[in-house]
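Just the heavy atoms: all of them, side chains too, but no hydrogens, waters or symmetry mates, feed the values below. Proteins get letters first, then strands, A, B, ... in listed order; numbering begins at 1 in each.
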Protein chains: 2
Amino acid sequence: MTESGAIHARIRRDIEARIMSGEWAPGTRIPYEHQLMATYGCSRMTVNRALRMLMEAGLIESRRRAGTFVSHPRVQRAALEIPDIRDEVAGQGESYRLDLDRREIRVASEEDKRLLQIDGGSVLALECRHHAGGRAYALERRLINLAAVPEAAEVDFAVEPPGSWLLSHVPWTEAEHRITAFNAGGKELVALGISAGAACMALERWTWRGEERITYARQVYPGDRYALVARFRP
Amino acid sequence: MTESGAIHARIRRDIEARIMSGEWAPGTRIPYEHQLMATYGCSRMTVNRALRMLMEAGLIESRRRAGTFVSHPRVQRAALEIPDIRDEVAGQGESYRLDLDRREIRVASEEDKRLLQIDGGSVLALECRHHAGGRAYALERRLINLAAVPEAAEVDFAVEPPGSWLLSHVPWTEAEHRITAFNAGGKELVALGISAGAACMALERWTWRGEERITYARQVYPGDRYALVARFRP
DNA sequence: CTTCCATTAATGTATATACATAATTGAGTC
DNA sequence: GACTCAATTATGTATATACATTAATGGAAG
């Protein structure tokens, strides 16, 4: 089969290829570890390591005594990577600019409490516009829970976009996204330079660390200028 | 620290907890394998196994001779899971219904060739509407490359939605998504029962197996009724 | 034929050991 | 001080071995 690299990597690739090509269909029993050992002339630990990686990837599953099988009713869900806005603009070869329109540290309002699921404490509220090549690209409103990320109060978000800073400084364990389409109203018209009723895309994101909500963001993009695009490998 | 299960799992959990809590910040060198060996009273292979899993998860990275370090989470990009429409409707406790408006096997047109990146051959073209609780939920147009998935020609897509069938029968290696917002025009008005100019969301998806494109789909959702929502754990 | 149970064969985990590989360290040289 | 190069050291891979765990198997008992 393949040639390069470590034995376990080769075993892994060979099996993966046979599954992807359809040669080993879902439900098929793949060779026992002993057989693979003989085939590749290596120890069982090495075979086992290759199989374990494939298991973690969800390609196969095994039952003691019975053997290892190609997993079949894989509820494969496609996934979309949501890029960091600054990276995205840079990736398109455009110049990036950030306008910080508002920055406020305040005691959490009722809406803040609802969005961040907190009882009180202070939040950092930001409003900014992202520009690509001089044109308005996106409008962003963000709340940061200062109880969870106190160091955010010291950061100059006129220089580093809040999303970029948070992604690279704060480990998160869970996120929820919500994408909607709506007809532009008052606020967006001026900020994005679009006409009333134009279709816009709103991307909302809540981010958790453990049980605690770290941040809420709502980004609005003009529909005629923007497409959320992403490649994904399962 | 923790108690249950295999030693490697315990080591893994302990380290993960210290990283997530912030005790070991990005860039911190974690103990050498020899030290962890001593701490847990186990062999180096066992420590190594725990560390390898954390590496695959992207939490740590290691450099020979230097040691193993907590990763800077810069590579972390949020991701959005795109659910299967039928599952999504079922998950909301609504009844699901599919209307297959058009099914055609044809020699690839110029547009088909462009969307599927093929030179010729035949394609299966489908147009359908997904309903939730009796109301129109989404409009779908789909192309399937019959050279890649010949068995699709035999499937009754009036019973099983094409997306569901493909997800569970055809292994794919890569997908590209594109989400846009636009103002509804001719076609959508009747099919979705919305008024002219209403904001809609379009979700396009291309799916590959290796170098070959398997399918193209474009789903249109009414903006006022639909939000693409997903939770994600890195 | 069915139930029960011991056998057996597969995976799961862990160990002790070995050598390979890469990069830092530090000694020796210019 | 700057450069070279060998020693050192931590990770990377692989082996041979051992025992634990689980469940399919097949034979004995009812």
Side-chain angles (χ1 to χ4, degrees), chain A residues 1-19 24-74, chain B residues 1-19 24-73 75:
Chain A
M1 308 282 154
T2 338
E3 267 303 314
S4 81
I7 304 178
H8 67 81
R10 202 174 110 212
I11 300 177
R12 198 203 138 123
R13 271 198 308 275
D14 288 353
I15 295 176
E16 192 170 342
R18 285 208 244 235
I19 294 173
W24 288 347
T28 308
R29 212 205 71 236
I30 75 172
Y32 296 126
E33 294 188 355
H34 287 102
Q35 301 175 310
L36 289 169
M37 231 173 116
T39 304
Y40 288 92
C42 66
S43 75
R44 210 190 115 212
M45 278 297 288
T46 304
V47 169
N48 188 263
R49 177 169 171 183
L51 295 186
R52 250 189 292 117
M53 288 192 289
L54 288 166
M55 267 178 256
E56 274 160 33
L59 271 175
I60 60 178
E61 31 196 273
S62 58
R63 297 203 317 276
R64 278 172 149 139
R65 168 71 217 241
T68 304
F69 303 81
V70 179
S71 21
H72 99 293
R74 289 177 61 193
Chain B
M1 308 283 153
T2 337
E3 266 304 313
S4 80
I7 304 177
H8 66 81
R10 202 173 111 213
I11 300 177
R12 199 204 136 121
R13 270 198 309 273
D14 288 353
I15 294 176
E16 192 170 342
R18 284 207 242 234
I19 293 174
W24 288 348
T28 308
R29 210 204 74 237
I30 75 172
Y32 296 125
E33 295 188 355
H34 286 101
Q35 301 176 308
L36 290 168
M37 231 173 115
T39 305
Y40 288 93
C42 65
S43 74
R44 210 191 115 210
M45 277 298 286
T46 304
V47 169
N48 188 263
R49 177 170 170 182
L51 296 185
R52 249 188 295 117
M53 287 191 290
L54 289 165
M55 266 178 256
E56 274 160 34
L59 272 174
I60 60 177
E61 28 195 276
S62 59
R63 296 203 317 276
R64 279 174 148 132
R65 166 73 216 241
T68 303
F69 302 82
V70 179
S71 301
H72 289 275
V75 193

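With a 4.5 Å cut-off on side-chain heavy atoms, B:Arg49 and A:Arg52 count as touching. Taking 4.5 Å as the limit, every side-chain heavy atom of A:Ser43 sits out of range of all side-chain heavy atoms of A:Met37. A 4.5 Å side-chain heavy-atom check between B:Tyr40 and B:Thr46 finds every atom pair outside the cut-off.
A side-chain contact (heavy atoms from CB on, under 4.5 Å) with B:Trp24 is found for exactly one of B:Val70, B:Leu59, B:Ile60, namely B:Val70.
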- prompt: Where along nucleotides 3-11 of chain C does protein come under 4.0 Å, by heavy atom, of base (B) or sugar-phosphate alone (S), with - for untouched nucleotides?
  reply: -----BBBB
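As a whole-Å value, the separation of B:Ile7 CD1 from C:dG12 P is 17 Å. Atom CZ in A:Arg49 sits roughly 15 Å away from atom P in D:dT11 (whole-Å rounding). As rounded to whole Å, 15 Å separates atom C1' of C:dT13 from atom CZ of B:Arg10. For B:Met37 and D:dT9, the CE to C1' distance is 15 Å, given to the nearest whole Å. D:dG12 atom C1' lies 12 Å from atom CE of A:Met53, rounded to whole Å. Computed from coordinates, the A:Arg52 CZ to D:dA14 P distance equals 13 Å when rounded to whole Å. Atom CE of B:Met45 is separated from atom P of C:dT13 by 13 Å (rounded to the nearest Å). Between A:His8 atom NE2 and D:dT15 atom P there is a gap of 11 Å when expressed in whole angstrom units.
Nearest heavy atoms, B:Pro26 versus B:Ser71: CB-O, 3.6 Å. Across all their heavy atoms, A:Gly67 and A:Tyr32 have their closest contact at CA-CE2, 4.0 Å. For A:Ala50 against A:Arg12, the heavy-atom pair with the smallest separation is CB-N, 4.0 Å. Residue B:Pro31 comes nearest to B:Leu36 through the heavy atom pair O-CD1, 3.7 Å, listed as atom of the first residue, atom of the second, then distance.
Rounded to 10°, the helix from C:dC1-D:dG30 to C:dC30-D:dG1 has 0° between the axis fitted to its first five pairs and the one fitted to its last five.
For the pair A:Thr46 and D:dT15, the criterion of a side-chain N or O lying under 4.0 Å from OP1 or OP2 is met.
With sequence neighbours excluded, no residue forms a side chain to side chain donor-acceptor pair (under 3.5 Å) with A:Glu16.
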